[in-house]
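Have a look at the structure below before the remarks.
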Amino acid sequence: MAGANRDFDSAAIRRDFPILATQINGKPLVYLDSANTSQKPNIVIDAMSKFMRETYAPINRSAYTLAANATELYEGARNAVAKFINANSSQEIVFTKNATEALNLLVNSWGRANLKTGDVVLLTHMEHHANIVPWQMLQQERGIELRWVPLTSDYQLDLTSLETLLSGVKVFSFTSMSNVLGTINPVEKLCAAAHAAGAIAIVDACQSVPHTHTDVRALGADFVTFSSHKMCGPSGLGVLWGRKELLEAMPPFLGGGNMISEVRLDGFTCAELPAKFEAGTPAIAEVIGLGAAVEFLSSVGMANIRQHEIAMSSYVLDLLTTRFGDDITIHGPRNPELRGATFSFAFRGIHPHDLSQVLDQSNVCVRAGHHCAKPLMKIIGANATARASFYLYNTTTDADALADALDSASDIF
Amino acid sequence: MAGANRDFDSAAIRRDFPILATQINGKPLVYLDSANTSQKPNIVIDAMSKFMRETYAPINRSAYTLAANATELYEGARNAVAKFINANSSQEIVFTKNATEALNLLVNSWGRANLKTGDVVLLTHMEHHANIVPWQMLQQERGIELRWVPLTSDYQLDLTSLETLLSGVKVFSFTSMSNVLGTINPVEKLCAAAHAAGAIAIVDACQSVPHTHTDVRALGADFVTFSSHKMCGPSGLGVLWGRKELLEAMPPFLGGGNMISEVRLDGFTCAELPAKFEAGTPAIAEVIGLGAAVEFLSSVGMANIRQHEIAMSSYVLDLLTTRFGDDITIHGPRNPELRGATFSFAFRGIHPHDLSQVLDQSNVCVRAGHHCAKPLMKIIGANATARASFYLYNTTTDADALADALDSASDIF
Amino acid sequence: MPGIEDLYREIILDHYRTPRNRGELQPPAISSEGHNPLCGDDIRIYLDVADGVVRDVKFSGQGCSISQSSTSMMTVAIKGKTVVEVGAFVRRFKHMMTLADNDEPVDESINLGDIEALQGVVKFPVRIKCATLGWNTLLEALTESTK
Amino acid sequence: MPGIEDLYREIILDHYRTPRNRGELQPPAISSEGHNPLCGDDIRIYLDVADGVVRDVKFSGQGCSISQSSTSMMTVAIKGKTVVEVGAFVRRFKHMMTLADNDEPVDESINLGDIEALQGVVKFPVRIKCATLGWNTLLEALTESTK
Ligand SMILES: Cc1ncc(COP(=O)(O)O)c(C=O)c1O
Ligand SMILES: Cc1ncc(COP(=O)(O)O)c(C=O)c1O
């Protein structure tokens with residue numbers, strides 16, 4: 001397969017994902033929407049059903065064997081996630097319902113405790129709504145100031161004035177990779193710059209954790225958030241990693257069972273980490289599913305996945321530009337090393353919604369819309385784009401199918 | 001089977017729950033911890049795996065067929081839940097990560113928008129931490145006043161001074177059934193009293209929705225919260241039902257994707273219900289699993305389930321008091337019609353933790369502890385209790401196993 | 001899988017390629033803006049209502065073939081109708097789109113004309129929001145105009 | 001499934017039935033309260049430290065056989081030890097409970113005596129919190145005493 005990675009057994013990986021064998025009207029499924037949410041391998045689906053069939057029980061609460069076994073699986077998965085991102089301790093892993101909740105937790109707990117009127121939060125023009133709207137809500141409540149790192153003309157963060165932008169900033173919160181442009185940001189450098197300016201660094205790593213090896217300690221971040229459902233894990237689950245000292249100093253976010261040490265009619269005290277931030281019954285089976293996902297990704301190897309996606313990016317960029325020339329505008333960097341395999345594009349003036357509808361006739365699944373990044377869309381001058389995103393299970397065959405389907409779209413409009 | 005309901009095919013129901021066939025050391029599993037979290041029938045487990053194998057895709061965002069099918073299943077489940085509790089419209093159904101989040105959403109959104117220093121919230125002495133701690137957090141922030149409905153000596157709410165307690169109250173938030181005592185509260189009457197006093201009524205229905213027919217309109221409540229995992233549905237999911245006018249008037253809770261209509265650098269506007277309260281990627285497979293759970297419960301019939309549990313309560317109360325006399329103290333009402341089949345008890349001075357450990361030798365799973373209701377524990381004069389809770393899949397055989405296992409506990413201590 | 005030809009009927013593509021009543025109206029004409037939160041499309045409806053009659057209507061904004069053509073056909077259909085007639089007409093359309101509001105009666109005898117071509121959209125539920133964007137925005141403008 | 005006899009050794013039940021050093025100490029003795037958030041148990045440790053030596057220690061509160069006996073055995077073991085020795089002793093115990101803190105070295109040569117009987121608790125992970133409740137509370141009291 002041209003452009004593909006030799007050490008990477010795509011066929012074997014595809015067999016792990018039952019949905020990829022689906023045929024609609026005799027044609028295979030070409031799933032190119034993994035930046036939105038990824039498909040699930042058998043190992044994850046099976047871990048969840050096996051757990052529900054054999055071991056389902058409350059965790060961390062009851063003394064009987066079934067509950068102890070469930071707790072062991074659950075906390076084992078937390079350990080696996082901690083190891084996967086090289087956290088110092090599994091106490092630093094907080095499970096949330098999605099990455100959005102993780103970011104809201106930070107804004108509400110850390111933000112409310114540390115930010116007052118006039119304090120500045122630095123974001124970037126390429127943020128997802130999940131890293132914009134919670135801050136705007138705090139802005140309404142507290143009168144904080146939001147500042148933005150702009151883009152260069154080649155879809156990178158424009159860091160020429162970073163030092164100025166960072167002056168007086170308390171929090172720098174940014175995405176590790178744009179879910180629209182595919183741009184990979186220099187996370188270590190940005191964290192270091194934040195710290196040099198006396199700010200904390202929050203990394204929205206939703207788009208990088210699934211695709212590349214993540215070492216939260218090496219990144220130098222203070223908080224990192226990501227979602228299970230984009231990394232082959234179940235829906236209904238997100239992860240917040242934070243440095244222990246910071247998490248310990250923060251007030252709780254949601255109140256209820258599990259997050260308390262003592263409750264009296266006149267007040268309560270908090271439990272230790274990570275329980276303090278996990279109020280109520282958690283997503284038990286889902287956490288166990290994420291443990292399986294992390295095991296799966298590690299067995300493939302995150303470096304291999306990254307290599308595969310660089311190869312895919314090369315192939316896709318070559319293919320689309322060679323075949324469609326000026327008829328296609330790809331909003332994102334041209335260098336495969338500087339980007340993930342997520343491509344937003346405009347094609348022959350066809351509205352992305354119509355385009356995606358027509359591609360669907362060939363079972364080619366791409367997302368059309370604003371990708372939860374409306375400010376960015378305005379900046380790149382589009383109301384909507386079509387987006388094709390590739391993951392470890394996509395091959396050059398999928399890319400070819402995309403190109404063929406694009407061709408057929410012109411017939412209609 | 002003595003005490004059991006004739007119209008109720010327990011054996012068939014038990015076959016629907018694969019975990020109940022588990023044997024440990026050659027002895028069957030006696031799962032008596034459903035008030036904590038319930039087991040899952042095949043239909044739920046299979047709905048989730050089938051969805052992940054065949055139809056998994058983002059919902060409400062993308063135009064391709066797979067995503068449209070996923071959306072249909074997801075919104076179909078929302079409709080099923082709406083119908084199950086007789087909501088006016090599926091727009092009134094908000095999915096959260098658990099019931100705890102649903103209550104926190106109310107406190108943070110409705111509470112922050114409507115309560116100021118000195119405003120009074122009425123709770124009861126039998127609340128779960130999930131309906132206490134969020135209010136205490138608002139109390140710390142806002143200086144609201146918390147007031148409490150006390151208990152009678154026979155474990156009911158003491159309503160003699162309800163009118164006085166309600167005077168000047170803005171919110172009356174109470175449980176429909178105590179997860180410790182089993183006491184069923186007169187929800188309709190309490191909602192009416194709240195309204196007569198000009199307060200809104202929030203019903204924490206975690207312990208009743210799984211066990212009895214719920215008609216939110218007949219209850220006259222303003223908001224009702226419950227959890228999927230206690231009603232045969234998946235973990236990682238809770239439900240908030242609210243009257244549309246109230247939900248519409250409320251500010252958002254979590255900010256991010258899906259909950260917005262427009263986002264600009266300088267602010268955002270909210271989406272319509274229920275999206276407004278569902279920020280980020282939801283628990284897609286879990287919602288579909290809950291849809292299957294609701295279908296399962298409806299096919300058994302909620303009235304039948306309630307009848308079965310009344311019969312179980314009679315049987316259990318008779319059995320334990322006849323067999324153990326003064327050696328057992330059951331903290332809860334004696335009348336099976338006034339309670340659910342959840343029994344907290346003290347036994348021969350053996351600490352509940354030790355008791356549950358010994359019962360576990362017979363695979364009898366009971367919870368030991370404060371059941372996330374520490375204020376109530378103090379009031380009933382216990383640090384901890386053992387709790388055996390029965391559900392539709394439990395039979396008199398389970399009750400007998402509990403009694404036999406209790407007998408053996410005395411040998412050790 | 002429903003065929004894409006159910007969606008992209010010729011009359012729809014015609015209104016998409018050559019939209020009618022595109023443009024703006026100056027105040028005192030009323031205007032309202034609508035967003036499709038899913039795809040980022042937006043539409044602005046300009047409405048000139050006098051004596052309970054829609055004298056003129058125009059629209060601007062960006063959108064897919066379905067939202068643009070649906071809005072274009074809508075403007076053609078409602079111009080000259082009374083506000084009451086327009087209300088009934090919108091209800092009839094939403095009913096076709098399976099979005100009827102139970103509280104309001106639908107007059108099934110109303111003839112939607114060319115707009116019937118949008119029936120195929122119902123087979124593509126995600127696109128219903130596209131087809132109704134202009135109509136919901138019209139409703140807002142109408143509410144404005146009666147304030 | 002590990003046998004329950006691994007948990008309820010005779011020496012443990014003995015300390016549960018006849019706890020040593022139960023009671024209170026008046027100020028200036030230090031005291032600290034600990035909760036097991038899972039089961040509602042609480043324990044209060046009273047500590048009389050002078051010249052870097054634990055002169056006396058007592059405990060009160062409610063709990064299961066494991067938390068009560070573990071605390072009882074602990075009080076017997078630490079009375080008369082220096083604060084530094086107690087620190088090392090607690091680390092040794094937590095190490096046995098598989099709760100070692102990586103940053104602090106554990107002296108494996110320290111003999112836990114009767115307390116070794118609690119080793120069986122490790123097979124019942126939920127009960128580790130019971131076994132360590134008194135010890136964690138002791139650590140808090142020690143921190144207090146050195147303030
Ligand atoms: C960059 C980025 N941040 C945040 C999110 C939000 O994640 P979730 O939907 O899991 O809350 C997403 C995905 O939707 C994303 O791509
Ligand atoms: C009465 C009651 N309220 C609230 C809750 C909290 O529910 P969840 O754990 O799903 O958040 C529970 C159960 O834990 C409960 O029994």
Side-chain angles (χ1 to χ4, degrees), chain A residues 18-19 22 33 36-37 39-40 45 49 52-54 56 58 61-66 97-101 104 128-130 132-134 136-137 148 227 229 234-237 254-257 260 263-265 267-268 279-281 283-286 353 356-357 360 365 367-369 372 374-375, chain B residues 18-19 22 33 36-37 39-40 45 49 52-54 56 58 61-66 97-101 104 128-130 132-134 136-137 148 227 229 234-237 254-257 260 263-265 267-268 279-281 283-286 353 356-357 360 365 367-369 372 374-375:
Chain A
I19 206 171
T22 306
D33 201 12
N36 197 332
T37 195
Q39 293 300 341
K40 318 302 172 205
I45 303 170
S49 4
M52 289 191 272
R53 279 181 211 288
E54 295 176 9
Y56 186 83
R61 289 184 176 184
S62 298
Y64 51 85
T65 306
L66 195 68
K97 72 174 177 181
N98 49 29
T100 302
E101 190 199 353
N104 278 271
H128 186 278
H129 293 161
I132 298 176
V133 179
Q136 292 180 332
M137 290 168 71
W148 308 84
S227 23
H229 66 92
S235 50
L237 184 62
L254 304 182
I260 57 91
V263 180
R264 288 181 310 269
L265 291 179
F268 70 97
T281 304
I284 310 177
E286 291 66 27
H353 232 150
S356 115
Q357 192 88 58
D360 184 45
C365 307
R367 182 164 171 198
C372 297
K374 290 194 94 172
Chain B
I19 206 171
T22 305
D33 201 11
N36 197 331
T37 195
Q39 293 301 338
K40 318 302 170 206
I45 304 170
S49 356
M52 288 193 273
R53 278 182 212 288
E54 297 175 8
Y56 185 84
R61 289 182 175 184
S62 297
Y64 51 85
T65 305
L66 195 67
K97 72 173 176 178
N98 50 28
T100 301
E101 191 200 352
N104 277 272
H128 186 278
H129 293 160
I132 298 177
V133 178
Q136 291 181 331
M137 289 168 70
W148 308 84
S227 21
H229 67 92
S235 51
L237 184 62
L254 303 183
I260 56 90
V263 180
R264 287 181 311 269
L265 292 179
F268 70 98
T281 304
I284 311 176
E286 291 66 27
H353 233 151
S356 114
Q357 193 87 59
D360 184 45
C365 307
R367 182 163 172 199
C372 297
K374 291 194 95 176

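The sequence lines fix the lettering, A, B, ..., with proteins before strands; numbering per chain opens at 1.
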Heavy-atom pairs under 4.5 Å with chain A - which of [options] has more of them than the others?
{"options": "B:Asn104, B:Thr100, B:Asn36", "result": "B:Asn104"}
{"options": "B:Ser235, B:Gly236, B:Gly267, B:Gly256", "result": "B:Ser235"}
{"options": "B:Gly369, B:Ser62, B:Ser227", "result": "B:Ser62"}

Side chain, backbone, both or neither: which part of A:Leu254 has a non-hydrogen atom closer than 4.5 Å to chain B?
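Both parts, backbone and side chain.
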Is it the side chain or the backbone of [X] that comes within 4.5 Å of chain A heavy atoms, both, or neither?
{"X": "B:Thr22", "answer": "side chain"}
{"X": "B:Ala285", "answer": "both"}
{"X": "B:Leu265", "answer": "both"}

Using atom types as modelled and distance alone, determine if a side-chain donor or acceptor of [X] lies under 3.5 Å from a backbone N or O of [Y].
{"X": "A:Gln39", "Y": "B:Tyr56", "result": "yes"}
{"X": "B:Asn98", "Y": "B:His229", "result": "no"}
{"X": "B:Glu101", "Y": "B:Lys97", "result": "yes"}
{"X": "B:His129", "Y": "A:Ile260", "result": "no"}
{"X": "A:Thr37", "Y": "A:Asp33", "result": "no"}

Rounded to the nearest 0.5 Å, how far apart are OH of A:Tyr64 and CZ of B:Arg367?
9.0 Å
I'd like to verify something: which residue of A:Ala368, A:Ala99, A:Gly280, A:Pro234 has the highest number of heavy-atom pairs under 4.5 Å with chain B?
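Heavy-atom pair counts peak at A:Gly280.
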Between A:His353, A:His128, A:Lys40, which has the largest tally of heavy atom pairs under 4.5 Å with chain B?
A:Lys40
For B:Pro375 and B:Ile132, work out which heavy atoms get closest and say how close.
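The answer is CG-CD1, 3.9 Å.
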